[in-house]
> 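Below is one structure. I have some questions about it.
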Amino acid sequence: MTDRPHLAVIGAGPAGLAATLAAAARGLRVTLVDSAAEAGGQFYRQPAAELRARRPQALHHQWRVWERLRDDLRGHLRAGTVRHLTDHHVWFVERRSADFVVHALLGPEQEDPATVRADAVLLATGGYEQVLPFPGWTLPGVVTAGGAQAMLKGSLVVPGRAAVVAGTGPLLLPVATALAAAGVDVAALVESAAPRAFVRHLRPLVSQPGKLAEGALYAARSARHRVRPLFRHAVVEAHGTERLEAVTVAALDAEGRVRPGTGRRIACDTLAVSHGMLAHTDLAESLGCRLDGQVVHVDDEQRTDVPGVWAAGEATGIGGSALALVEGRIAGRSAAARLTGTEPDRAEWATALKSRTRLREFAAALDGVYRPPAHWSEQVTDETVVCRCEEVTAGAVRAAVEDLGAGDPRTVKLLTRAGMGWCQGRICAPAVAGLAGCRPTPSRRPFARPVPLGVLARESDHPTEEGPS
Amino acid sequence: MSKPLTCDVVVIGAGMVGAACALYAARAGLDVLVVDRGGVAGGTTGAGEGNILVSDKEPGPELELALLSWRLWTELAAELGASAEYEAKGGVVVASSPGGLTALERFADAQRAAGVGAEPVAGDTLYALEPHLAPGLPGGVHYPQDGQVMPALAAAHLLRASGARLLTGHRVTDVLRGPDGAVRGVRTDRGDLHAPAVVNAAGTWGGEIAALAGVHLPVLPRRGFVLVTEPLPRRIRHKVYAADYVADVASDSAALQTSPVVEGTAAGPVLIGASRERVGFDRTFSLPAVRALAAGATRLFPFLADVRATRAYLGFRPYMPDHLPAVGPDPRVPGLHHACGHEGAGIGLSTGTGHLVAQALTGKRPDLDLAPFRPDRFPEEAA
């Protein structure tokens, strides 16, 4: 049976799981490669088994969808049609003349290599949170909203006693609600978007009754926990000496500028902050896939412009788990057809295509509503560190532009070292571009994660892990 | 189109060589305008290690240019302070076999006769210089003059010190010439720049600028990768490379060649070069090339096996068929000067190049004979 085409799916979140199941059900051998110990990704993050959570579903919605995915995956694993490589941190996907080699490091130490040979790859690498800097944002106690949620979902740990949730995006409300439900006093939910923006984008939002219902459910739950959103406000500074003690929250005007004199101090020991999501595109970029702005370009079938490479989920555009599931299904079906030399039967996925269109419109509408305030960088003082890895301040970035003639993100990076450190600008790139007054450009990162030189030097061309038989 | 700007000299290219030309020309009293289609240090300057080397050059015109440049770099370093991260770290060239050591020492003898500081180091002396080198190496040569700058910072600070007007994001689309054939400026996509002299400091793209002026200059890209590690406390003190690097630099082969060049930096990361390939302007990441770099580096410094590479970048060295740059006036086009084609040595050779070009621009007798660097020394391409 080893002559059946072998697909490597990278990422076991909603998109990767849906793609794996769709492709395996149609006869492909699939190796699902993921960095976590369990399938599910960020969205269906599971509490560690040793914690013996009694009701993990209390922290999740759409638990039934997850149960079905999990059970289907178990079935394929038992049948040997899918192989799931956990704790595999992919650092590079190599395109050779006739196939691909997925290069990974084994976790959690990430010192030993593993490679998987495949006929095609499907990138479901997901997204990560964007956080824009403000004075005090590097204090202990300031976490990403997603990070706070992950702490709750993964380790059942409550990150603090009094929290402020701030920034912009559809993630803030569920995070605030989950924190409140776990017993944290949510002192404020600070959203920079204005309610009026929702009205402007009403049509696509209304076309998603399911999503609206979900939103209403959160609103009801958060009301029960007395979390009232403070619209068109922003955290302009975090205070504390050793760690976070309070934040200053101020009102924004219609242009997104802070209204003078509106600042007020709110005591808290946790600030969960998020300014939207960014796509993980490193593997796609080093494969040579075309990007549209900051996301991987795909066609109707979720194919990238590199033959043999599919992409689905947040990597191709931030849109949430429902869209990721649909895209994963389409990608898996397309791969199954194309790799066996057949034209995909479009009738089979007509419904999926329709929901993808609807969900993408919804995502675009949300994107129109949840924008970081246009003048966020005005609040960033020269002393504020923007690149934490290399400890580059906002003042250094401004000096590179004003004194040394840097006019694009790459030159700013060369002249300041912002983005040259451990995270390779994944965190600071949008902030640095914003401070420099230019549009963020995708930067090339050949290694999706740091790799020991000994691994690079030693690695043989023979794959260490074969796919399912 | 806006009103044309006028000046004494237009320098095309805001990389290291263009910056040095601008600095010395401005100091010679000329009104200078620097134009670049990208940003500061956007080409090969921003993709290199910032080498200022005498160790890898055999006696001859390039070594003379390197020694002149080295003197000028030490002056500039004193003037610019820490802003360009200049570091007179010295180089250590390591032989891997007794036979290789004999050849290396003979090479160093000839360099010493030409004025290079080159001290043979064997056994304990070698390990006193670089304690973490692999055990059992027969010896090497220590070159105290070798140094390094952070190339993008150096270019930006030289441009700033020059006081030259800087036009980034301006693509030169033509070299303007008068009825007598002499240069009278350049046309850009955002307007004309009028000047009686134009300096082609476009690096790897210098051949295209020459073609706009109607002359042939064979500058070809030679791709190189650099691997960068996580920041480390200083364990590698010099620029350390294997003796076969010199042979690779001098080679004409198009195929992939790698010889380990390893150095610590002021900022912490270790930089690992050097690969050479002639593959045109192909920007595709090459795993085999960076693997070979990692293998070479861990052979020289075994402790690096556990150190992580966080990134790798590539650049295109401006390669010329005889490995010498084009420096000075072009006899075929009055007013056109060249300052390009320095291959992998452009940062080091930039100061001498800028100094010589400024002398030529102001009608002074150049400190070095420019004949070996004549831009018209190559036969015209067959039509």
Side-chain angles (χ1 to χ4, degrees), chain A residues 91-96 101 103 105 109-111 115 282 285-288 306 389-392 399-417 419-425 436 438 443-461, chain B residues 14 34 36 38-42 45-47 83 85 150-157 159-160 165-169 225 227-231 262 267-270 272 283-288 290-299 301-314:
Chain A
W91 57 270
F92 190 69
V93 178
E94 184 184 8
R95 184 188 179 200
R96 306 194 298 191
V101 180
H103 297 264
L105 294 164
E109 295 82 10
Q110 300 186 34
E111 282 163 4
T115 53
D282 300 345
E285 279 177 276
S286 52
L287 275 165
V306 173
C389 303
E390 294 287 330
E391 295 178 354
V392 181
V401 175
E402 286 153 24
D403 302 340
L404 297 177
D408 60 281
R410 181 172 180 268
T411 311
V412 172
K413 169 177 157 179
L414 282 171
L415 298 180
T416 63
R417 306 193 59 79
M420 281 196 191
W422 187 259
C423 90
Q424 287 292 291
C438 36
S443 57
R444 297 167 71 96
R445 301 183 189 107
F447 305 134
R449 61 187 61 245
V451 54
L453 287 168
V455 168
L456 264 181
R458 274 197 318 267
E459 214 178 51
S460 78
D461 290 328
Chain B
V34 178
D36 197 297
V40 174
T45 297
S83 59
E85 296 183 10
M150 199 299 189
L153 280 174
H157 283 281
L159 279 171
R160 191 184 182 203
R165 281 175 285 170
L166 174 64
L167 297 176
T168 53
F225 284 94
L227 257 175
V228 187
T229 72
E230 59 189 299
V262 184
V270 173
I272 298 165
R283 288 202 163 268
T284 314
F285 182 74
S286 162
L287 193 58
V290 298
R291 271 194 191 164
L293 293 180
T298 51
R299 267 200 307 277
F301 289 101
F303 84 88
L304 286 175
D306 298 325
V307 171
R308 283 168 203 265
T310 54
R311 62 194 169 105
Y313 54 87
L314 65 86

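Only this structure's heavy atoms are used, side chains among them; waters, hydrogens and symmetry mates stay out. The chains referred to below are lettered A, B, ... by the order of the sequence lines, with proteins before strands, and numbering in each begins at 1.
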> Please classify the contact of R410(A) with chain B as side chain, backbone, both or neither, using a heavy-atom distance under 4.5 Å.
side chain
> Given the options T411(A), L415(A), V451(A), which has more heavy-atom pairs under 4.5 Å with chain B than any of the others?
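That would be V451(A).
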> Check whether L159(B) gets within reach of chain A through its side chain, its backbone, both or neither, counting any heavy atom under 4.5 Å.
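Contact with chain A is absent: no heavy atom of L159(B) under 4.5 Å.
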> Using a 3.5 Å distance criterion without hydrogens, assess whether the side chain of R417(A) forms a donor-acceptor pair with backbone atoms of A267(B).
no
> Please classify the contact of L227(B) with chain A as side chain, backbone, both or neither, using a heavy-atom distance under 4.5 Å.
side chain
> Indicate the atoms forming the closest heavy-atom contact of R160(B) with L404(A), along with that distance.
CD-CD2, 3.8 Å
> Can you confirm whether F285(B) sits close enough to E285(A) that some side-chain heavy atom of one is under 4.5 Å from a side-chain heavy atom of the other?
no
> So which part of R95(A) gets closer than 4.5 Å to some heavy atom of chain B, the side chain, the backbone, both or neither?
neither
> Side chain, backbone, both or neither: which part of R283(B) has a heavy atom under 4.5 Å from chain A?
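For R283(B), backbone and side chain are both near chain A.
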> Quick check: do D306(B) and P452(A) have side-chain heavy atoms less than 4.5 Å from each other?
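Sidechains of P452(A) and D306(B): no contact.
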> T298(B) and A457(A): which non-hydrogen atoms are nearest, and at how many Å?
OG1-CB, 3.7 Å
> Can you check whether L287(B) reaches L456(A) side chain to side chain, under 4.5 Å on heavy atoms?
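The answer is yes, as the side chains (C-beta and beyond) meet within the 4.5 Å cut-off.
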> Identify the heavy atoms of L414(A) and A41(B) that sit nearest to each other, and give their distance.
CD1-O, 3.7 Å
> Please state whether the side chain, the backbone, both or neither of L293(B) comes within less than 4.5 Å of a heavy atom of chain A.
neither
> Against chain A, label P269(B) side chain, backbone, both or neither, depending on which of its atoms sit under 4.5 Å from a heavy atom there.
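For P269(B), the contact with chain A is made by the side chain alone.
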